[in-house]
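Structure, as structure tokens:
Please read all numbers here as calculations on a predicted model, not as lab measurements. Positions are given from 1, in the same order as the sequence printed here.
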Amino acid sequence: MEAIDIGWLSILPPIIAIALALMTKEVISSLIVGILSGTLIYAFNTGGGIVKAVDVTFTLMADKLGANASIILFLGFLGALVAVITMAGGSRAYGDWASNKIKSKKGAQLGTSLLGGLIFIDDYFNCLTIGTVMRPVADKHQISRAKLAYIIDATAAPICIIAPISSWAASVISQMSGLDVNGVPLNGMETFMATIPFNLYAILTLIMVVVLCVTNIEFGPMAKFEKAAREGKENKGISAEGEDDELARVKISSKGKVFDLIIPILSLIIFAVLSMLYVGGYFEGGMTLAEGFGNTDAGPALALAGFGALIVAFLLFVPRKVITFKEFMDGIGIGVKSMVGAFIILTLAWTISGVCRDLLNTGEYVGGLVAASHMPPALIPAIVFLVAGGLAFAMGTSWGTFGILIPIVTMICAAVAPELITATLAATLAGAVFGDHCSPISDTTILSSTGAGCNHIDHVSSQIPYTLVVAGCCFVGYIIAGFTANVWITLGSSIVLLLATLAIINKFTKKQEVASAEEVNVA
């Protein structure tokens with residue numbers, strides 16, 4: 001199948017997918033319609049009809065699925081690993097340990113953040129695990145359920161999107177692989193690694209969580225919930241959404257230890273590093289570590305690592321009778337089923353990317369429009385950040401946003417600003433995480449409120465002011481990135497801006513508290 005040049009018709013598939021996603025708040029059907037619209041346009045412009053369009057759709061989908069089968073395998077192994085660790089009681093054991101060791105509110109908040117940083121392999125695992133194990137600790141130290149939900153949410157997607165060994169990284173790497181800039185193909189792993197220091201929303205969110213934990217700065221609705229928790233007046237009610245999640249209802253062993261959580265995760269990291277070097281040819285000799293990582297194919301390497309970590313979990317759990325052989329195998333089934341949604345979205349994302357890139361030359365057309373518009377290229381990262389944020393907020397998914405925007409953004413940058421491709425791809429990822437983070441229909445937002453036992457609307461309303469502060473600093477940061485293309489200037493100025501903003505907010509909040517107290521005393 002050869003790509004065709006059809007002008008403005010080439011942008012219809014992504015526009016249709018985006019418009020439907022905004023209207024229906026449902027990404028899978030939107031992507032399907034977008035794909036079919038693109039293959040119909042291709043078929044009718046190459047002498048075919050509906051039958052050819054359907055044939056092209058499934059041929060392209062099969063090609064993309066075959067090329068990325070190792071990513072599907074990794075996600076399946078990862079889902080299975082998450083399930084068996086949960087069933088073995090490793091997560092609950094950590095919570096029991098934390099309850100005995102943590103003695104202060106600051107320690108409880110930092111402990112929750114630390115656990116969020118440790119469980120970076122998958123956001124679902126992150127939300128469910130932290131909520132389950134840290135809720136009693138938070139209650140003991142009078143941390144509001146809204147604050148707990150925020151910490152969980154803020155250390156789920158933001159940590160996963162900058163961790164090279166995670167389900168999110170696997171998704172992004174697979175979508176970046178095969179794209180090219182002016183004929184030079186991108187290496188998915190190298191490109192992803194390059195975006196990490198430019199991913200301002202993820203980095204600034206993690207910094208903000210630590211600052212809030214240490215200083216107890218509170219503003220917006222969160223201050224009201226924290227005050228109610230301190231006074232013992234908090235309304236604690238688990239949101240109904242997400243309770244039908246099979247992983248949340250599995251039988252948890254009482255024999256689990258803290259190392260039943262730590263060892264499988266460490267083994268995944270170690271196997272991933274070794275597998276990447278192996279696939280990259282490092283052990284054959286004649287290359288440096290950097291060259292080994294640069295030559296690797298992340299999909300097969302991560303699949304090997306996931307399988308190896310699952311074997312370690314089996315040897316750790318079953319011989320000790322923490323869980324039985326049957327329970328372990330049942331856990332694999334539960335874990336793989338938990339990833340079915342990710343499988344579907346990724347497959348459709350790969351397919352619509354292929355429609356735009358391989359059939360319709362969408363990126364070249366849009367790039368030409370941007371070049372003809374004389375819009376300052378320096379503004380592209382900041383504009384892309386806002387577009388990705390708005391789309392992810394409306395759809396409630398980062399992954400669907402990646403699938404729609406990454407190929408288009410790559411082609412636009414290739415046409416008008418190749419030097420900004422890393423910053424712009426990072427802005428795409430950052431904006432998607434921002435929109436997903438504060439969207440009330442996002443699965444991670446729902447799981448965070450469920451895991452924390454917080455009313456869902458309370459979580460959303462108290463979190464949005466915090467996310468907007470970070471997003472505002474990111475927007476300024478991406479303007480700086482567009483003009484400098486320097487990661488350290490961009491990152492440094494964004495961090496300084498965030499800390500200054502929090503200091504100003506804290507000062508203003510304290511003044512309001514003093515004024516309110518004086519009014520009460522006068523009355």
Side-chain angles (χ1 to χ4, degrees), residues 64-85 117-126 156-157 159-179 185-196 199 202 263-283 289-314 332 335-347 349-350 353 398-399 402-403 406 425 429:
K64 296 300 178 182
L65 193 56
N68 294 283
S70 55
I71 296 295
I72 298 295
L73 282 175
F74 168 66
L75 292 176
F77 289 138
L78 185 58
L81 185 65
V82 166
V84 297
I85 290 175
L118 176 65
I119 306 177
F120 56 80
I121 57 176
D122 182 68
D123 57 326
Y124 281 26
F125 185 31
N126 186 302
I159 194 70
C160 290
I161 196 61
I162 58 173
I165 306 166
S166 70
S167 57
W168 287 55
S171 169
V172 173
I173 289 168
S174 71
Q175 294 179 52
M176 290 179 175
S177 298
L179 298 176
L186 295 179
N187 179 292
M189 175 58 78
E190 285 185 351
T191 306
F192 175 78
M193 295 295 289
T195 65
I196 292 175
N199 197 323
I263 291 178
I265 293 176
L266 286 179
S267 68
L268 178 67
I269 297 170
I270 294 170
F271 284 140
V273 172
L274 295 176
S275 298
M276 286 178 185
L277 291 174
Y278 170 75
V279 174
Y282 173 76
F283 295 113
L289 277 174
E291 289 172 337
F293 282 115
N295 292 332
T296 197
D297 186 343
L302 290 174
L304 285 171
F307 179 72
L310 197 58
I311 295 298
V312 169
F314 178 87
I332 290 177
V336 172
K337 282 193 291 184
S338 73
M339 288 292 179
V340 169
F343 296 161
I344 295 171
I345 289 177
L346 269 182
T347 301
W350 293 327
S353 173
S398 295
W399 289 33
F402 300 156
I406 283 177
L425 284 172
L429 304 183

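The two residues L302 and A272 have their closest heavy-atom pair at CD2-CB, 4.3 Å. In this structure, I332 and V84 approach most closely via the heavy-atom pair N-CG1, 4.2 Å. Considering all non-hydrogen atoms of both residues, A303 and S70 come closest at CB-O, 3.7 Å. Shown here for A313 and L81, the closest heavy-atom pair between the two residues is CB-CD1, 3.9 Å.
In this structure, CD1 in I85 is found 5.0 Å from CD1 in I265, a value given to the nearest 0.5 Å. With rounding to the nearest 0.5 angstrom, the CZ atom of F77 is 12.0 Å from the CG atom of L268. The CD1 atom of I72 sits 4.5 Å away from the OG1 atom of T347 when rounded to the nearest 0.5 Å. How far CH2 of W168 is from CD1 of I159: 12.0 Å, rounded to the nearest 0.5 Å.
Listed by chain and residue number, nothing satisfies the ring-ring contact (aromatic ring centres under 6.0 Å, His included) test with Y278 (two or more places apart in sequence, or in another chain). Shown here are the side chain to side chain contact (heavy atoms under 4.5 Å, CB included) partners of M193, two or more places apart in sequence or in another chain: P164, M189, I196. For F74, the ring-ring contact (aromatic ring centres under 6.0 Å, His included) criterion is met by no residue, not counting sequence neighbours. Every residue meeting the side chain to side chain contact (heavy atoms under 4.5 Å, CB included) condition with A163, not counting sequence neighbours, appears here in chain and number order: F120, S166. Looking at residues two or more places apart in sequence or on another chain, you find a side chain to side chain contact (heavy atoms under 4.5 Å, CB included) between I344 and I28, V340, L348. Applying the side chain to side chain contact (heavy atoms under 4.5 Å, CB included) rule to A202 yields the partners P158, I161, I162, N199; only residues at least two apart in sequence or on another chain are considered.
At least one donor-acceptor pair closer than 3.5 Å links the side chain of S267 to the backbone N or O of P264.
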Q) Can L277 and F283 be said to form a side-chain contact (heavy atoms from CB on, under 4.5 Å), step by step? A) CA-CA 7 Å; L277 291 174; F283 295 113; 3.8 Å; yes
